[in-house]
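One structure is given here, and the rest of the page talks about it.
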2 protein chains.
Amino acid sequence: MTSPASTRVRILDAALDLFGQRGVDSVSLDEIAREVGVRKQTVLYWFPSKDELLDAVLETAAAELVAVIDAAVRSAPADPLERIDSVVRAVFRPAVRRPAVLGLIRELGRLSPAHAARLREHLDPLIARAIEAIGAEMDAGRLRRGDPGLIAALAYATVTGVATEPEVLRTVGWTADARGLRQLRDELRAFLRAALAPDS
Amino acid sequence: MTSPASTRVRILDAALDLFGQRGVDSVSLDEIAREVGVRKQTVLYWFPSKDELLDAVLETAAAELVAVIDAAVRSAPADPLERIDSVVRAVFRPAVRRPAVLGLIRELGRLSPAHAARLREHLDPLIARAIEAIGAEMDAGRLRRGDPGLIAALAYATVTGVATEPEVLRTVGWTADARGLRQLRDELRAFLRAALAPDS
DNA sequence: CACAGCCTCTACCATTTGGTAGACAGCGGA
DNA sequence: TCCGCTGTCTACCAAATGGTAGAGGCTGTG
């Protein structure tokens, strides 16, 4: 029925969704197993502990995210504003397709140091490179001068903030569905444009 | 030693901090009690269940937040840009003083409908009024035309995003301390200015 | 057919969780 | 002095949690 590796993958998949939706600590192994249609002990066969399951989930999610963004960066246009634009679009794409990824991001702040390190391992180089690139464009006068780190922080905070799937945002008439995410993404792109376009 | 009501207040206080730091589900009543220096059953004496404790925590936190912001709005200057500026500063103030408030905001997305409603009860009117006011200023030509709801959503997302106390943001050289929050707040203010200043 | 390895299962276990029942200490008022 | 109220305590409990031990079924290969 199922190919040899697929149970493992299905567990990873279900765990990502559940961890993202409800928080790592609030999801039991039993629940993940039930979702997959298997016993808890099968989960523990594939991942010796909940901790290592989380580690694997973070690992694969981060790797996928980095791959998507890397690809976008490589194929992005040369003009710095266009470039930022297409990267922002790329960052939002996995989130639109898979809201649980946003949920996981929301968990960042309360992960154990070991798990946080696992994520940083993947994301740090990416962010560092982006900041460096923005800084270089500023030096070359193709972007308005500013603190690239702060601007990255703001953009990052925005993405993270969307992760709250907020009840509150409903008041704003905003919905955390694909359409809402796209709207917000476009708003962020406009903001970045306004902030970074060279004065000229 | 302790005045009659103070145990209750101390429990609320400790619960806010712990819920914010580590997530509602991950904090046990025992832990809260230990923090206060009291037995778990004393906590259950003051709040008949964990659910009602959470409710009370949200209630008081939201009420305080709204009070702070309301005061800021009332004493804010008339010029719309200045006005937004001083409200943004006000929103950040409780967060700077009490990081756990940010942690609680991060919990928003996974609160039960009942608890989320409790929060919306306080925050909705505030947000609705802000959006209405921004819309009015746009109509009057004192702010650049745009979707006030989306702009509010973006600003809100930023504040929420900061709540992640992110490991990742450290890469950016950013720190989630008071200084870092102030820097980010100022960056957000600049963004809002850039986005909303009338074309003239 | 037999065997070995892979995978999932049943059966437990200790710990922790939110919650209940009720004893008892202190204190102000009659 | 006694009473009743407030607030904290000790003593439990059922359910759920992460995790262990080991049996047994299914598969492809010799």
Side-chain angles (χ1 to χ4, degrees), chain A residues 1-60 103-104 107 110-115 118, chain B residues 1-60 103-104 107 110-115 118:
Chain A
M1 182 68 85
T2 60
S3 76
S6 89
T7 299
R8 203 191 117 100
V9 170
R10 271 163 42 212
I11 291 172
L12 272 178
D13 225 52
L16 171 61
D17 281 335
L18 289 172
F19 285 163
Q21 276 163 34
R22 310 221 318 281
V24 175
D25 277 358
S26 314
V27 173
S28 71
L29 294 179
D30 250 327
E31 220 169 336
I32 296 169
R34 211 177 309 132
E35 185 72 21
V36 175
V38 96
R39 301 280 161 249
K40 172 180 63 166
Q41 291 72 5
T42 301
V43 174
L44 283 167
Y45 167 78
W46 289 104
F47 305 91
S49 71
K50 191 182 181 181
D51 226 58
E52 301 203 31
L53 170 57
L54 172 57
D55 203 66
V57 167
L58 295 175
E59 170 78 28
T60 59
L104 256 195
E107 287 288 288
R110 49 178 67 130
L111 291 175
S112 72
H115 287 136
R118 170 57 49 111
Chain B
M1 185 73 82
T2 60
S3 77
S6 89
T7 298
R8 203 189 118 99
V9 171
R10 271 161 42 209
I11 292 172
L12 273 178
D13 225 54
L16 170 61
D17 281 334
L18 289 172
F19 285 164
Q21 277 163 34
R22 309 223 318 280
V24 175
D25 276 358
S26 314
V27 174
S28 71
L29 293 179
D30 249 329
E31 219 170 338
I32 296 168
R34 211 176 310 132
E35 184 72 22
V36 175
V38 96
R39 300 279 159 250
K40 172 180 62 169
Q41 290 73 6
T42 300
V43 173
L44 284 166
Y45 167 78
W46 288 105
F47 305 93
S49 71
K50 190 182 182 180
D51 226 58
E52 301 204 32
L53 170 57
L54 173 57
D55 203 66
V57 166
L58 295 175
E59 169 77 29
T60 58
L104 256 194
E107 287 288 289
R110 49 180 67 131
L111 290 175
S112 73
H115 286 137
R118 170 55 50 110

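Order of the sequence lines fixes the chain letters, A, B, ..., with proteins taken first and strands second; residue numbering starts at 1 for each chain. Note that the coordinates shown come from a computational prediction; the quantities given were computed from them, not determined experimentally.
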Please determine, for the side chain of A/Tyr45, which listed nucleotide (D/dC9, D/dT8, C/dC7) has the closest atom?
C/dC7
Taking CD1 from A/Ile32 and C1' from D/dG18, how many angstroms apart are they, rounded to a whole number?
11 Å
Given C/dC6, is OP1 or OP2 found less than 4.0 Å from the side-chain N or O atoms of A/Trp46?
no
Hey, could you give me the CZ/CG distance between A/Phe19 and A/Leu58, rounded to the nearest 0.5 Å?
8.5 Å
Atom pair CZ/OG1 of A/Arg8 and A/Thr42 - distance to nearest 0.5 Å:
14.0 Å
Find out whether B/Phe47 and B/Leu12 are in side-chain contact, i.e. whether some heavy atom of one side chain is under 4.5 Å from a heavy atom of the other.
yes
So which protein nitrogen or oxygen atoms get under 3.5 Å of nucleotides 14-21 of chain C's nitrogens or oxygens?
residue, atom, partner, partner atom, Å
C/dG18, OP1, B/Lys50, NZ, 2.8
C/dG18, OP2, B/Leu29, N, 3.0
C/dG18, N7, B/Lys40, NZ, 3.0
C/dG18, O6, B/Lys40, NZ, 3.4
C/dG19, OP2, B/Lys50, N, 2.8
C/dG19, N7, B/Lys40, NZ, 3.4
C/dG19, O6, B/Lys40, NZ, 3.0

Using side-chain contact (heavy atoms from CB on, under 4.5 Å), reason through A/Thr60 and A/Leu16 one step at a time and then give a plain yes or no.
CA-CA 10 Å; A/Thr60 59; A/Leu16 171 61; over 6 Å; no
Taking only residues two or more places apart in sequence, or in another chain, which ones meet A/Asp17 in a side chain to side chain contact (heavy atoms under 4.5 Å, CB included)?
A/Gln21, A/Arg98, A/Ala100
List the residues meeting salt bridge (charged side-chain N to carboxylate O under 4.0 Å, His left out) with A/Arg118, not counting sequence neighbours, and say none if there are none.
A/Asp55, A/Glu59, A/Glu121
Check whether B/His115 reaches the backbone of B/Arg110 with its side chain - one donor and one acceptor, N or O, closer than 3.5 Å.
no
May I have the list of side-chain donor-acceptor pairs in residues 30-38 of chain A shorter than 3.5 Å, sequence neighbours left out?
residue, atom, partner, partner atom, Å
A/Glu31, OE1, A/Arg22, NH2, 3.2
A/Glu31, OE2, A/Arg22, NH1, 2.9
A/Glu31, OE2, A/Arg22, NH2, 2.9

Does C/dC7 have OP1 or OP2 sitting under 4.0 Å from an N or O in the side chain of A/Thr7?
no
Between the two end axes of the helix from C/dC1-D/dG30 to C/dA30-D/dT1, each built from 5 base pairs, what angle do you get to the nearest 10°?
10°
With the criterion being N/O to N/O and under 3.5 Å, what pairs connect the protein with nucleotides 24-26 of chain C, and how long is each?
none

Given 3.5 Å as the limit, does a donor-acceptor pair link the side chain of A/Lys50 with the main chain of A/Val24, or not?
yes
To the nearest 0.5 Å, how far apart are CG in A/Leu44 and CD in A/Glu52?
10.5 Å
